[in-house]
**Q** 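This is the structure I have questions about; it appears just below.
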Protein chains: 2
Amino acid sequence: MKTIEIEEDLYLYIAGQTKHIGESASDILRRLLEVDASIQESAEPEPVDLNSQAVDDVPPEQPTQESSVYENLEDVVTTPQDPDFLSYFNFELIGNAGSSTKRFLSLLASLYTVNNAMFAKACVIKGSKREYFSQDKDSLLASGKTSKPQAIPDTPYWVITNTNTARKRHILQHVASEMGLQESQIERLCEAI
Amino acid sequence: MKTIEIEEDLYLYIAGQTKHIGESASDILRRLLEVDASIQESAEPEPVDLNSQAVDDVPPEQPTQESSVYENLEDVVTTPQDPDFLSYFNFELIGNAGSSTKRFLSLLASLYTVNNAMFAKACVIKGSKREYFSQDKDSLLASGKTSKPQAIPDTPYWVITNTNTARKRHILQHVASEMGLQESQIERLCEAI
DNA sequence: GAGCGGATCGAGGGGATGCTTC
DNA sequence: ACGAAGCATCCCCTCGATCCGC
């Protein structure tokens with residue numbers, strides 16, 4: 001194992017390309033760069049050292065076997081694999097919200113809280129014309145005529161709100177699914193809307 | 001700055017992609033991943049924008065007569081002879097498109113990107129009445145009653161779209177075949193529609 | 001842009017099927 | 001007359017946002 005240093009945004013970008021839970025940085029980069037493990041010896045120009053910024057030695061404090069990129073993100077709370085995953089959802093509170101729109105927002109907020117890096121990646125979804133999610137209210141406003149964007153509480157995100165309940169379920173289901181939740185968990189969430 | 005751990009061979013591979021002395025790991029990865037410093041959180045890899053990366057990978061000229069036709073064109077990225085040819089296709093992204101029409105368009109866009117000179121030659125195909133390809137929407141419109149032309153993304157071309165899936169496969173197969181793809185590669189593309 | 005929620009209905013796109021043509 | 005190839009009608013489904021009810 002080698003350690004390299006990269007800039008923050010690039011780091012987030014790479015993390016955002018995660019396709020499976022627990023994927024290591026190597027896995028992701030191999031996929032993106034289309035380098036498979038077998039071609040490693042492929043004669044390349046000699047290892048120009050990744051300059052001074054590359055740290056050549058790995059401090060053994062890093063647990064290598066599960067080096068999912070997420071573990072370096074300080075905002076990670078849990079992953080969908082966590083058997084207690086749904087316990088992070090306060091269904092009681094959510095259920096008390098007065099409308100499905102409110103419940104929709106709370107559920108999204110919970111997903112964000114549980115793992116905001118995965119949420120960021122999962123909320124890339126749009127309809128035929130409208131943007132569904134954005135960090136910017138105005139861009140949602142711009143993409144549709146009366147989409148009624150609302151802020152997702154305790155979150156930098158906004159969602160479209162002018163949809164019927166079925167569509168709210170679809171949106172939630174999409175996000176949850178992209179985040180890797182189990183089918184049964186997704187069902188539970190959608191029912192809670 | 002963030003730190004990530006990657007496997008040794010991948011590290012060497014990345015180091016081997018150094019273009020300038022003193023380039024940082026971030027610089028190299030940005031170039032390889034085509035992520036510029038201003039990426040937004042939602043930036044997704046562009047399936048068809050493979051030019052800059054692929055240029056470096058053009059294999060030694062094949063001694064076929066076709067390749068000599070193209071070898072002087074600066075826009076040649078690779079040729080169907082390239083054993084890695086299909087790796088230029090982002091099947092994952094293509095597969096995620098919501099309809100066969102969308103996938104059809106993406107696949108054509110990929111063929112164009114991979115070698116636009118060959119594409120230009122290969123897309124000369126028409127049905128009994130309708131034009132199939134054109135750089136001009138109106139000429140497609142003019143040649144049929146409801147052909148539903150759509151722009152091929154990131155491309156100067158338009159294609160007819162009002163066909164059943166079988167015909168979309170025929171069209172794709174014709175273009176791929178004219179471009180000189182192997183039978184097995186063509187099959188792979190047609191299945192992806 | 002300020003009342004909010006969201007069901008309902010209309011617009012539009014996808015593409016299989018059936019008709020036409022050769 | 002029969003089949004094959006190709007065209008485009010037309011149904012279905014998705015998605016938007018109007019508009020009504022509270």
Side-chain angles (χ1 to χ4, degrees), chain A residues 94-109 123-134 136-153 158-175 177 189-193, chain B residues 94-109 123-134 137-153 158-175 177-178 189-193:
Chain A
I94 292 167
N96 280 142
S99 66
S100 37
T101 296
K102 296 276 170 48
R103 290 188 289 276
F104 177 57
L105 293 170
S106 292
L107 287 160
L108 290 171
C123 73
V124 179
I125 169 180
K126 49 196 291 302
S128 54
K129 314 171 97 178
R130 296 141 126 191
E131 293 294 327
Y132 285 176
F133 289 89
S134 166
D136 169 24
K137 179 184 182 177
D138 291 325
S139 72
L140 296 184
L141 243 17
S143 77
K145 216 179 300 189
T146 49
S147 55
K148 302 188 188 173
Q150 294 198 33
I152 306 177
W158 293 72
V159 221
I160 243 102
T161 261
N162 183 206
T163 71
N164 58 26
T165 304
R167 183 154 306 280
K168 289 188 186 80
R169 291 208 175 94
H170 289 145
I171 295 172
L172 184 67
Q173 111 91 246
H174 172 95
V175 174
S177 166
L189 296 188
C190 288
E191 279 167 7
I193 285 194
Chain B
I94 292 167
N96 279 144
S99 65
S100 36
T101 295
K102 296 274 170 49
R103 289 187 290 276
F104 177 57
L105 293 170
S106 292
L107 287 160
L108 291 170
C123 72
V124 179
I125 168 181
K126 48 195 294 300
S128 54
K129 312 170 99 173
R130 296 143 124 190
E131 293 293 328
Y132 284 175
F133 290 89
S134 165
K137 179 183 185 178
D138 292 326
S139 72
L140 296 184
L141 243 17
S143 76
K145 215 177 301 187
T146 49
S147 56
K148 300 188 188 173
Q150 294 199 34
I152 305 177
W158 294 70
V159 221
I160 243 99
T161 259
N162 184 206
T163 71
N164 58 26
T165 304
R167 181 153 307 277
K168 289 190 185 79
R169 290 209 175 92
H170 290 146
I171 295 172
L172 183 67
Q173 110 90 244
H174 171 94
V175 174
S177 166
E178 287 290 306
L189 296 188
C190 288
E191 278 167 8
I193 286 194

**Q** Nearest whole Å is fine: how far is dG6(D) P from Glu131(B) CD?
**A**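 So the CD-P distance, Glu131(B) to dG6(D), works out to 14 Å.
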**Q** Please check if the number of heavy atoms outside Lys126(A) that lie under 6.0 Å from its NZ is greater than 12.
**A**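 More than 12 heavy atoms, drawn from other residues, nucleotides or ligands, come within 6.0 Å of this atom.
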**Q** Determine the contact category for Lys126(A): base if any of its heavy atoms lies under 4.0 Å from a base atom, sugar-phosphate if only primed atoms, P, OP1 or OP2 are that close, otherwise nothing.
**A**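 No contact.
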**Q** Less than 4.0 angstrom between a side-chain N/O of Thr165(B) and OP1 or OP2 of dA16(C), yes or no?
**A**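 True: Thr165(B) side-chain N/O within range (under 4.0 Å) of dA16(C) OP1/OP2.
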**Q** Whole-Å distance between dC19(C) P and Asn164(B) CG?
**A**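 Those two atoms, CG and P, are 16 Å apart.
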**Q** What's the CD1-P distance between Ile193(A) and dA7(C), to the nearest Å?
**A**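 Distance, rounded to whole Å: 11 Å.
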**Q** Are there more than 12 heavy atoms of other residues, nucleotides or ligands under 6.0 Å from atom NZ of Lys145(A)?
**A**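 Not buried by this count: 12 neighbours or fewer within 6.0 Å.
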**Q** What nucleotide among dC7(D), dG5(C), dG1(C) has an atom nearest to a side-chain atom of Lys129(B)?
**A**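 Among the listed nucleotides, the one closest to the side chain of Lys129(B) is dC7(D).
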**Q** Any donor-acceptor pair under 3.5 Å linking the side chain of Arg130(B) with the backbone of Gly144(B)?
**A**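 No, Arg130(B) side chain to Gly144(B) backbone: no donor-acceptor pair under 3.5 Å.
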**Q** Quick one: which of dG6(D), dG1(C), dG16(D) gets closest to the side chain of Arg167(A)?
**A**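 It is dG16(D).
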**Q** Which is true for Phe104(A) with a 4.0 Å heavy-atom rule: it touches a base, it touches only sugar-phosphate, or it touches nothing?
**A**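 Here Phe104(A) touches no strand at all.
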**Q** Just the rounded figure in Å: distance from C1' of dT14(D) to CD1 of Ile171(A).
**A**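 Atom-to-atom, Ile171(A) to dT14(D), this comes out as 13 Å.
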**Q** Going by modelled atom types, is there a donor-acceptor pair between the base of dG14(C) and the side chain of Lys148(B) at under 3.5 Å?
**A**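 Between dG14(C) and Lys148(B), which were checked side chain against base, a qualifying N/O pair under 3.5 Å is present.
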**Q** Output the rounded distance in Å from CD1 (Ile160(B)) to P (dG15(C)).
**A**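 Atom CD1 in Ile160(B) sits about 16 Å away from atom P in dG15(C).
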**Q** Tell me which nucleotide among dA7(C), dC15(D), dG15(C) gets nearest to the side chain of Ser100(B).
**A**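 Of the options given, the side chain of Ser100(B) lies nearest dG15(C).
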**Q** Specify the separation, in whole Å, of atom CD of Gln150(A) and atom P of dG5(C).
**A**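 About 5 Å, once rounded to whole Å.
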**Q** Consider side-chain contact (heavy atoms from CB on, under 4.5 Å). Of Leu140(A), Ile125(A), Ile160(A), which one does Phe133(A) pass it with?
**A**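 For Phe133(A), the side-chain contact (heavy atoms from CB on, under 4.5 Å) test succeeds with only one of Leu140(A), Ile125(A), Ile160(A), which is Ile125(A).
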**Q** Whole Å only: how far is the CZ atom of Arg130(A) from the P atom of dG6(C)?
**A**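 Taking atom P of dG6(C) as the reference, CZ of Arg130(A) is at 14 Å.
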**Q** Output the single nucleotide from dC15(D), dA8(D), dG14(C) whose closest atom is nearest the side chain of Asn162(B).
**A**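 My answer, after comparing the listed nucleotides, is dA8(D).
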**Q** Say we look at dG1(C) and dT18(D): how far apart would their P atoms be, to the nearest angstrom?
**A**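 The answer is 14 Å between these two P atoms.
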**Q** Quick one: which of dA5(D), dT18(D), dG16(D) gets closest to the side chain of Lys145(A)?
**A**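 So the side chain of Lys145(A) is nearest to dT18(D).
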**Q** Report which part of the nucleic acid Thr146(B) touches: base, sugar-phosphate, or nothing (heavy-atom distance under 4.0 Å, all strands).
**A**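 If one applies the 4.0 Å heavy-atom cut-off, Thr146(B) turns out to touch a base.
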**Q** Take a 6.0 Å sphere around NE2 of His174(B) and say whether it holds more than 12 heavy atoms from other residues, nucleotides or ligands.
**A**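 Yes, the 6.0 Å shell around NE2 holds more than 12 heavy atoms from other groups.
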**Q** For Thr101(A) and for Ser128(B), find the nucleotide of DNA chain C with the closest heavy atom, then tell me which residue's nucleotide is more 5'.
**A**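 Counting from the 5' end, the first nearest nucleotide belongs to Thr101(A).
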**Q** Distance check needed: dA17(D) P versus Lys168(A) NZ, whole Å only.
**A**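 Interatomic distance, NZ of Lys168(A) to P of dA17(D): 15 Å.
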**Q** Taking the side chain as every heavy atom from C-beta outward, state whether Phe104(A) and Thr163(A) have any pair of such atoms under 4.5 Å apart.
**A**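 With C-beta onward as the side chain, the pair stays apart.
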**Q** With nearest nucleotide decided by heavy atoms, which residue, Arg103(A) or Asp138(A), maps closer to the 5′ end of DNA chain C?
**A**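 Going by which nucleotide is closer to the 5' end, it is Asp138(A).
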